[in-house]
Novice: 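Submitted below is the structure of interest, expressed as structure tokens.
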Amino acid sequence: MPCAKPCLSLVALSEGAVLGTILVGHDGRRGLIHHLAVASESQRKGIGTSLVHEGLRRLRAVGIQKCHLLVYADNVCGRAFLERVGAEHRDALAIYSLLVK
């Protein structure tokens, strides 16, 4: 199904198999990478890095200049990956959640 707005999210495929995916959005001011996942057997092959870079390229194309990323604090591998792609850990931000009832 075509996107009403420019498509920002991506799926990496090989011979019909999903290797990885990234969910990218924005609020008109800041981008947000909500999810990034790469199949365990496909990790450390540049797929995650390519997905992040292409997601950022697509954000730039719609005028977004900064992007936040969400990762669980105990996700050691995810945090290390984000540092490798140049993401900066920021202690000044706190995230809160609300249940939708």
Side-chain angles (χ1 to χ4, degrees):
M1 176 164 79
C3 295
K5 296 180 182 178
C7 291
L8 302 175
S9 299
L10 301 153
V11 177
L13 301 170
S14 176
E15 298 178 9
V18 175
L19 303 181
T21 186
I22 188 169
L23 179 60
V24 182
H26 69 85
D27 62 6
R29 182 169 177 261
R30 292 284 184 253
L32 183 63
I33 294 177
H34 297 272
H35 297 285
L36 170 65
V38 176
S40 57
E41 64 275 6
S42 298
Q43 293 177 1
R44 298 290 212 162
K45 296 180 179 177
I47 295 166
T49 300
S50 294
L51 288 169
V52 168
H53 289 304
E54 179 60 18
L56 295 175
R57 187 197 67 74
R58 290 177 181 213
L59 286 170
R60 276 191 306 276
V62 295
I64 303 297
Q65 297 178 7
K66 189 173 210 172
C67 180
H68 298 301
L69 308 103
L70 300 175
V71 63
Y72 284 108
D74 65 353
N75 183 345
V76 176
C77 293
R79 291 174 63 147
F81 168 78
L82 292 175
E83 290 177 14
R84 284 195 305 273
V85 297
E88 172 191 355
H89 179 255
R90 296 185 57 191
D91 290 322
L93 299 176
I95 187 166
Y96 293 84
S97 299
L98 293 170
L99 291 177
V100 179
K101 298 178 185 180

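The first residue in the sequence is number 1, and the count goes up from there.
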Novice: Are I64 and L70 in one and the same hydrophobic cluster, where Ile, Leu, Val, Met, Phe, Trp and Tyr link if side-chain heavy atoms are under 4.5 Å apart?
Specialist: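 Each belongs to a different hydrophobic cluster.
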
Novice: Mind checking salt bridge (charged side-chain N to carboxylate O under 4.0 Å, His left out) for E83 and listing every partner two or more places apart, or none if nothing turns up?
Specialist: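 In terms of salt bridge (charged side-chain N to carboxylate O under 4.0 Å, His left out), with neighbours along the sequence ignored, E83 is linked to no residue.
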
Novice: Check the hydrophobic clustering (I, L, V, M, F, W, Y; side-chain heavy atoms under 4.5 Å; chains of links allowed) and say if L59 and V71 are grouped together.
Specialist: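 Same hydrophobic cluster.
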
Novice: Specify the closest pair of heavy atoms between L56 and C67, including all atoms of both residues, with the distance to one decimal.
Specialist: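 Minimum heavy-atom separation between L56 and C67: CD2-CB, 3.8 Å.
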
Novice: According to side-chain contact (heavy atoms from CB on, under 4.5 Å), who are the partners of H68, at least two apart in sequence or on a separate chain?
Specialist: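 Here the qualifying residues are R30, L32, R90, L93.
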
Novice: Do the side chain of R79 and the main chain of A73 share a donor and acceptor less than 3.5 angstrom apart?
Specialist: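 Yes; at least one donor-acceptor contact below 3.5 Å.
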
Novice: Pair F81, L36 - check side chain to side chain contact (heavy atoms under 4.5 Å, CB included), show working.
Specialist: CA-CA 11 Å; F81 168 78; L36 170 65; 3.3 Å; yes

Novice: If I take atom NE2 from residue H53 and atom CD1 from residue I22, how far apart are they, to the nearest 0.5 angstrom?
Specialist: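 It is 10.0 Å, given to the nearest 0.5 Å.
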
Novice: Identify, with sequence neighbours excluded, every residue that meets salt bridge (charged side-chain N to carboxylate O under 4.0 Å, His left out) alongside R57.
Specialist: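 Scan of R57 (salt bridge (charged side-chain N to carboxylate O under 4.0 Å, His left out), adjacent residues dropped) gives E54.
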
Novice: Begin with the C-alpha distance, continue with both residues' side-chain angles, and end with the deciding distance and a verdict on side chain to side chain contact (heavy atoms under 4.5 Å, CB included) for K45 and L19.
Specialist: CA-CA 10 Å; K45 296 180 179 177; L19 303 181; over 6 Å; no

Novice: Do H26 and V62 make a side-chain contact, defined as non-hydrogen atoms from C-beta onward lying under 4.5 Å apart?
Specialist: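 The answer is yes, as the side chains (C-beta and beyond) meet within the 4.5 Å cut-off.
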
Novice: Working to the nearest 0.5 angstrom, can you tell me the gap between S9 OG and H34 NE2?
Specialist: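 Interatomic distance, S9 OG to H34 NE2, rounded to 0.5 Å: 7.5 Å.
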
Novice: Do V85 and L51 land in one hydrophobic cluster if side-chain heavy atoms of ILVMFWY residues count as linked below 4.5 Å?
Specialist: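 V85 and L51: one cluster.
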
Novice: Are any side-chain N or O atoms of S50 and backbone N or O atoms of G46, one a donor and one an acceptor, separated by less than 3.5 Å?
Specialist: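 Yes, the answer is positive, given that a donor and an acceptor are paired below the 3.5 Å cut-off.
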
Novice: Measure the spacing between CG of L13 and OG1 of T21 and express it to the nearest 0.5 Å.
Specialist: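 It is 9.0 Å, given to the nearest 0.5 Å.
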
Novice: Let me confirm one number: the CD1-CG distance from I47 to L10, rounded to the nearest 0.5 Å.
Specialist: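 Answer rounded to 0.5 Å: 12.5 Å.
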
Novice: Hydrophobic clustering (ILVMFWY, side-chain heavy atoms < 4.5 Å, transitive) - are L23 and V52 grouped together?
Specialist: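 No, separate clusters.
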
